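Every chain is numbered from 1 and lettered A, B, ... according to where its sequence line falls, protein lines coming before strand lines. Since this is a predicted model, take the numbers as computed values, not measurements.
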Amino acid sequence: MAKGMTIAKSALAALTLTGTLSAFAVTASAAPSSSSGSFSMYIIGDKRGFSPDIYTWSLYADSLGIFEGLVHNSDKGVVPGIATSWSTSKNGKVWTFHLRHNAKFSNGDAVTAQDFVFGFQQAFNPNTAVKDGGGMDATAFLPVVNGVEVAAGTKSPSTLGVKAVNNYTFQIMLTRKDPTLIQDLTLPAMGWAVPLDPKVVNSMSATDWTTPSKIVSDGPYMVSSFTPNTSATLVPNPYYFNKVKLKKITLNYTASSTGLVDFENGALDMAIINPSDIKAVDSNPTLKSELHFFPTAAQYTLDVAPSQNNALLNPLVRKALMMSINRDLISKDVLQGTGTPAYDYMTPTWLDPWIKKNAIPYDPTEAKALLAQAGYPGGKGFPTLSINVGVGSTPDLVAEAIQQMWQQNLGITVKYNGMPASQFYSTYNNPITSGVAFRQNASNVVYPQLELPTSVVAFLNTGVGQDWTAPYLPMNIYTQWQKVIANKSMPPKLQQEQAANILIHNLPKSILQWIRLGVKAYNTNNTALMKQFFYMQEEQVFDLPIYTPLQPVLIRSNVHGYKANSFLLTTPPVWFNDITVS
Amino acid sequence: MFMYIIKRLFYMALAFLLVSIVTFGLMKAAPGTFLINTQMLGGVQAATDLNIPPQLMNSFIKEFHLNSPWYVQYWFYLKGFVTLHFGYSIEYPSLPTMSLIKRTFPLTLGLAFSATVVGTIVSIVLGVIAAVKEHTWVDSTTMFIATLGTAIPSYVTAIVLMLVFGVWWRILPILGFQGIQHYILPVAALVIPVVGSMSRYMRNSLIESLHSDYIVSVYAKGGGMRQAVFGHALRNSLLPLITVVGPQLAGLLMGTVIIENLFGLPGMGQVFANAAQQKDYPLIMVSTLLYAVVIMVMNLLVDLTYGGLDPRIRKIGYVQGR
């Protein structure tokens, strides 16, 4: 969120799992003695090709073993990649990485420190995104010297704080001490940059990233075929420094709706199934043993929508509403086990179990009392409350369940307002003209340290910061703020300053105190303060976290070494080369 | 005949203009933006901001005239299509749209044509059997099955076929396209509903012919059923069937959108559906107009064939310019 978080509302996307998530490992059998077998899996994909420097769904496949950076994830946590060791300076601002001498690209060229310098410069350079025709890789999570300026186009990529000390020693200069740098380097689309062969990349056109013969990568696998939106095939990089375990990996992009039959047919060894298929799977003992539920980085949350009516700005009301939602029931019954209760927008329990400590409990009696205390005894006088959600072909059952819970527990009138996703997102910030409303939001969870605000102004200019705070403005001020952020003719820096100033001078004190606490936690790297920041958000009920989706995934029993990457929505394996097939 | 063709081409041009205006209007009126990528996954609505940098946004605005008045944008799309300068699209910025069409459209056309050919042949066979065995259990059974085929949507048929041939018997592939065997189930899923309606046409048409006076003459001259059906009635009965082949092909072309998605086929239908979902304006216009042109051309060809086969149409319809 802070540090230039660029994934906006409902960003359910990326990231790679590091650390100790052995709970999500499926099996851990020994690798076969030679490269063999093939593995076919579903993964979200798109059409822009495999450029590691633009923000695409394909970037995730890049990060799982087509490209390899300094470090990468594995079934054992973060492990050395092209770097074999690293050290930091006394002030923690200079990181020196020693690279392996036997790493090679798929064209046989050696991977050197200069390739890392080039790769980092490409990732931060906005012209790369223009050339490759996609959004920018959000490497701004890394506090590299001049990173923000290079990404903004105000400084040359050559000024970026990266250096090749010699062919096999690479340095990163940071603007501040960053104790989580190593794990951050494994986060695709957030803090990830890989070596690139300048000789190859400088002569590539955007089209070439969709042409397998033109793509040169340094991971264990290389792309051998690619059909946009349909499938890609990966084969071993013949120059990889280590053994490549599988002969072929097929990435299928189009099997999300027919996952179960594709799995049963043998077309997929890993498939995501629809929640409605779980009963069928449970009735088949073999399939049941192959079904896994992997948590994701998404958090289904309800945010306060801007409105003329300020009923939801009262913390007592929000707490009453939170207390009258039975999250356990939603997870078990409504979602049929494909969800687990969430207690904060940014901190899912699978990653940050401590967040549950201060959870607001389900207590309809206390909820009624709180609502009465807020001036609405028995729900009388409370404005009509809408739940705005973006839906696909089926209604949002969770929103419908919440609607019923609020009506039954609090006696208020609640409207379910499902609309097509495109309409929902395009009207997301429009003020509510009648009654009050919550709007569905979903986070893109990363490590909690990365969620902290770096400064009040920076936070108030992130998409997430704006979503949370702006609805707490008086409506006339909200309109004024909207005009400023919609003014395309204003210089970006001035626009950001003006927008932040409006918020700083008009937001409730509790929100500003909360942001300042987060900034303090960020500046001091203090874990206790960081937790306090998230607890405060939970206690003040700035939003209503509901559940973390659990992705129902079938994995063939002869597939070993599959540890799910819960930072990615489709929960692929953390590293392709961990996988073997017996 | 020349005048007839000219007149038809004129109507086609009018229809093309109308389709382009309606498509453009609906496309621009629909809420949403190409800047947010949305996708439903395992029950979760995924959406990501594409994080387009200002420099790239400016190039999009310039290339696709996004800040220009609506008529400038419309003219840009229309002119591009008519002159075959499709350029690039927002979703496929690194792949020329013409290359994309060349890569995907043959598969879709192949799917629709195969389904049309197979569907027509099967319909003729079933229609003949039902007509010859009129009012017997054979007729009733054949038509009941045909009605069932019409009533069940192709995506349901597809799932059933996938289950039977892909999961239970495991004799056919159900995902991707790596050879002709990957065509079998998608074509079958498209054919079954088509056969339902076309075989009824065939049956009714043949029964009408078999009850005609000239068939009575055939019997009077000592001819049998075989001679009456295959020697005389069948040829005349095929004419009404041909009139429905054009619209059926149009329906099949649109039907490929769902079928391609279900079977993971890299065809134009999938591109078309994605373009609409992602608000890829240039691609929506190109793909819609392409479908429209193909369907109109197919209808024209069917009508010309009909005229060629039926001397009454040739002599009356063309002379009167109808």
Report task. Please report the closest heavy-atom contact between I174(B) and V261(A), naming both atoms and the distance. Result -> CD1-O, 3.4 Å

**Report entry** Interatomic distance, D262(A) atom CG to F263(B) atom CZ [nearest 0.5 angstrom]
**Finding:** 9.5 Å

Query raised in the report: What is the distance from atom CD of Q270(B) to atom OG1 of T227(A), rounded to the nearest 0.5 Å?
Result: 10.0 Å

**Report entry** Between R170(B), E260(B), M162(B), R103(B), the one whose heavy-atom pairs under 4.5 Å with chain A are most numerous
**Finding:** R170(B)

Query raised in the report: Counting only heavy atoms not in F76(B), do more than 12 sit closer than 6.0 Å to its CZ atom?
Result: yes

Query - Contacting moiety of L100(B), where chain A heavy atoms sit under 4.5 Å - result: neither

**Report entry** Smallest separation among heavy atoms of T258(A) and I159(B), with atom names
**Finding:** CG2-CD1, 4.3 Å

Query - L175(B) and its side-chain contact (heavy atoms from CB on, under 4.5 Å) partner, picked from N252(A), T230(A), N265(A) - result: N252(A)

Query raised in the report: Where does S231(A) contact chain B at under 4.5 Å (heavy atoms): side chain, backbone, both or neither?
Result: neither

